[in-house]
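A short worksheet on the structure shown next.
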Amino acid sequence: MLDLGFVRANLGLVEKNLRDRKLNPTELLGHFRITDERRREAITRMENSKERRNRLSEQVGALKKSGENSDALTLEIRDLKGEIADLEQSANSYDNELRLLLSRLPNILRDEVPAGASEADNKVVKEWGERRRFDFEPKPHWEIGEALGILDLERAAKLSGARFAVYMGAGARLERALISFMLDMHTHKHGYTEVLPPFMVNSKSLFGTGNLPKFAEDLFRCSDADAEAASRGEYKDNDHWLIPTAEVPVTNLFRDEILEEARLPISFTAYTPCFRAEAGAAGKDTRGIIRQHQFQKVELVKFTRPEDSDVQHERLTRDAEEILEALGLPYRRVLLSTADTGFSSAKTYDLEVWLPGQNLYREISSCSNFDAFQARRANIRYRPSGPKAKPEFVHTLNGSGLAVGRTWLAILENYQQADGSVQLPEILRPYMGGTDKIAREP
RNA sequence: GGAGAGGUGGCCGAGCGGUUGAUGGCUCCGGUCUUGAAAACCGGCAUACCCGAAAGGGUAUCGGGGGUUCGAAUCCCUCCCUCUCCGCCA
């Protein structure tokens with residue numbers, strides 16, 4: 001969320017930011033000025049009436065104390081009460097309207113984010129690794145997986161419908177191996193603390209990371225969660241939604257807290273399944289396990305001082321890249337354009353892995369700097385040391401380190417052999433019981 | 001799920017209808033003292049919003065919401081959370 005005072009003072013900039021993101025400023029910002037004015041007017045009138053009530057009430061107290069009659073004042077206050085209730089209602093309604101408006105405004109993009117109209121304008125800033133040359137026609141992962149008997153999409157559909165997967169045998173173990181390998185690397189080598197958070201969160205948490213109110217349709221919710229209420233700006237702490245990413249529970253760990261500066265930066269890594277409704281993605285990526293309602297992911301989350309977030313963003317992105325490098329998977333780093341950068345993010349790098357079976361690069365990680373945008377929504381602050389010592393919002397960052405399902409399929413496609421087996425990258429072998437390949441069981 | 005106890009400022013902890021944003025202690029910040037530090041002493045220290053050029057003023061906030069009252073941290077209702085005991089359970 002942007003700061004109200006900031007939006008008021010920089011309306012032009014906010015509007016430009018919306019245009020850069022290819023969003024509609026009229027729709028999102030339409031009555032900001034008017035709503036803001038009406039809200040302030042209503043608040044001022046309400047507070048003036050309350051002040052009068054408080055003064056009169058004080059006088060009643062004084063009269064009662066000295067044993068004098070206070071009936072006249074009491075009656076006057078009674079009249080005031082109705083007036084206050086009306087003013088309060090109107091002030092609240094303008095206040096809610098403005099807050100909802102504010103909460104739907106995306107983060108301000110960094111200057112270095114390339115201008116663009118779509119993902120086609122994303123900028124490749126780096127390429128790593130050599131694409132393997134095959135002496136046979138490389139297959140897509142769904143063919144390799146089904147043939148090896150380690151991926152069963154048909155039975156998954158029977159169990160749960162489209163966009164689910166069942167991993168079998170070495171396939172299941174490979175998923176688990178990848179999770180362990182990634183967590184080990186991030187905790188041992190990159191200095192992250194491992195977290196195992198709940199896989200369900202309340203709507204307050206989803207507001208904190210920016211998933212609500214705008215993206216309710218992307219989420220799976222439990223029977224106690226009310227999407228309608230969330231769209232009105234009501235966020236509960238006792239309802240349940242399935243997490244779309246570990247970013248939500250992990251970022252919200254410090255919601256409504258003040259951190260000691262000496263603790264920063266804080267780096268967490270978490271493995272969780274992720275649940276996404278994928279509304280609006282109908283017909284997209286229907287083959288294989290590219291786009292699932294449930295997938296596993298190892299996430300990286302950082303909390304930093306404002307002045308450190310850019311450096312930490314680079315570092316976090318490197319931490320994710322090192323997983324790909326350790327696995328020997330060719331990838332490229334892409335700086336997302338203004339149109340493709342997510343709602344809460346000020347700047348995002350995507351890592352795209354090479355998939356020879358489909359002859360394309362595919363997103364496998366997304367690493368973002370959110371500035372104070374999430375911290376403001378979730379009220380996550382730190383106390384700077386020194387004479388000023390006033391709490392300030394931290395900066396939050398996160399990135400996939402990596403999406404496990406997509407890593408799984410990248411290994412199948414990149415390491416497939418002519419005989420249908422899949423060679424395992426050296427570094428994974430200890431996690432796979434010492435075997436060096438996945439082959440069809442005889 | 002049932003019974004009981006409790007949720008107060010960065011932390012601990014008083015207050016249990018009347019100028020209480022809230023006693024006190026700790027932490028933190030500034031100062032005195034000291035060669036320096038510690039100790040001691042003095043002073044300062046919540047947040048958001050509204051009005052105001054500013055100085056300053058106002059409103060709200062004692063887990064959340066609602067109610068009673070001229071007036072609520074204090075009384076009532078309700079929800080949430082924590083702790084203890086019982087039950088159930090992977």
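We name chains A, B, ... by the order of the sequence lines, and we start the count at 1 in each one.
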Take V60(A) and D36(A), find for each the nucleotide of RNA chain B with the closest heavy atom, and name the residue whose nucleotide sits nearer the 5' end. D36(A)
Determine the Euclidean distance between corresponding C1' atoms of A46(B) and A73(B); express it in Å to zero decimal places. 16 Å
Which nucleotide, U47(B), C50(B), C49(B), lies nearest any side-chain atom of D3(A)? C49(B)
Give R55(A) one of three labels, base, sugar-phosphate or nothing, depending on what nucleic acid heavy atoms sit under 4.0 Å from its own. sugar-phosphate
E51(A) near the nucleic acid: base, sugar-phosphate alone, or nothing, with a heavy-atom cut-off under 4.0 Å? sugar-phosphate
Length of the line joining L73(A):CG and G18(B):C1', which is rounded to integer Å: 15 Å
Output the rounded distance in Å from CZ (R52(A)) to P (G71(B)). 14 Å
A22(B) - base-pair partner by Watson-Crick or wobble geometry, distances under 3.5 Å: none
The side chain of K64(A) lies closest to which of these nucleotides: G18(B), C50(B), U47(B)? G18(B)
G-U wobble or Watson-Crick pairing nucleotide for C28(B) (cut-off 3.5 Å, both distances): G44(B)
Atom-pair distance (CG on L259(A); P on G10(B)), nearest Å: 13 Å
Could you state the CZ-C1' distance from R53(A) to G71(B), rounded to the nearest angstrom? 9 Å
Gap in Å between the two C1' atoms, one belonging to U20(B) and one to C62(B), rounded: 11 Å
Would you call D36(A) and R33(A) a salt bridge, using N to O less than 4.0 angstrom? no
Just to be sure I understand the rule, does I43(A) reach a base, reach only the sugar-phosphate, or reach nothing, if contact means heavy atoms closer than 4.0 Å? sugar-phosphate
Tell me if the CZ atom of R8(A) is crowded by more than 12 foreign heavy atoms within 6.0 Å. yes
For residues 79-103 of chain A, which residues have at least one heavy atom under 4.0 Å from RNA chain B? K81(A)
More 5' along RNA chain B: M46(A) or I258(A), using each one's nearest nucleotide? I258(A)
Reckon N54(A) touches a base, only the sugar-phosphate, or nothing at all at heavy-atom distances under 4.0 Å? sugar-phosphate
Which atom pairs, one a donor and one an acceptor, fall under 3.5 Å between side chains of residues 271-279 of chain A and the rest of the protein, sequence neighbours left out?
residue: R276(A); atom: NE; partner: P244(A); partner atom: O; Å: 2.9
residue: R276(A); atom: NH2; partner: P244(A); partner atom: O; Å: 3.0
residue: E278(A); atom: OE1; partner: R291(A); partner atom: NH1; Å: 3.2

Interatomic distance, K50(A) NZ vs A72(B) P [rounded to whole Å]: 11 Å
Applying salt bridge (Lys or Arg N to Asp or Glu O under 4.0 Å), can you list everything that pairs with E307(A), at least two apart in sequence or on another chain? R305(A)
If you look at every strand shown and take non-hydrogen atoms under 4.0 Å, does S70(A) touch a base, only sugar-phosphate, or nothing? nothing
Under-4.0 Å salt bridge between K347(A) and D111(A): no
Starting the side chain at C-beta, find the nucleotide from U47(B), G71(B), C50(B) nearest to S57(A). G71(B)
Please tell me which of the listed nucleotides, C70(B), A60(B), C50(B), lies nearest to the side chain of R78(A)? C70(B)
Separation of C49(B) atom C1' from R45(A) atom CZ, nearest Å, is 18 Å
Ignoring the backbone of T74(A), work out which of G58(B), A60(B), C70(B) is nearest its side chain. C70(B)
F220(A)-H293(A) aromatic ring centre distance below 6.0 Å: yes
Looking across every strand, which nucleic acid part, if any, lies under 4.0 Å from R8(A) by heavy atom: base, sugar-phosphate, or nothing? sugar-phosphate
Nearest-angstrom distance from the residue atom CG of D239(A) to C1' of C79(B): 13 Å
Parallel, tilted or perpendicular, as decided by the 30° and 60° cut-offs, for the rings of H190(A) and Y192(A): perpendicular
Determine, for E314(A) against R318(A), whether the closest basic-nitrogen to carboxylate-oxygen distance falls under 4.0 angstrom. no
Classify the side chain of E47(A) and the base of G58(B) as holding, or not holding, a donor-acceptor pair under 3.5 Å. yes
Pairwise C1' distance, A37(B) and G44(B) [rounded to whole Å]: 23 Å
Look at K158(A) together with E154(A) and state whether they make a salt bridge at an N to O cut-off of under 4.0 Å. no
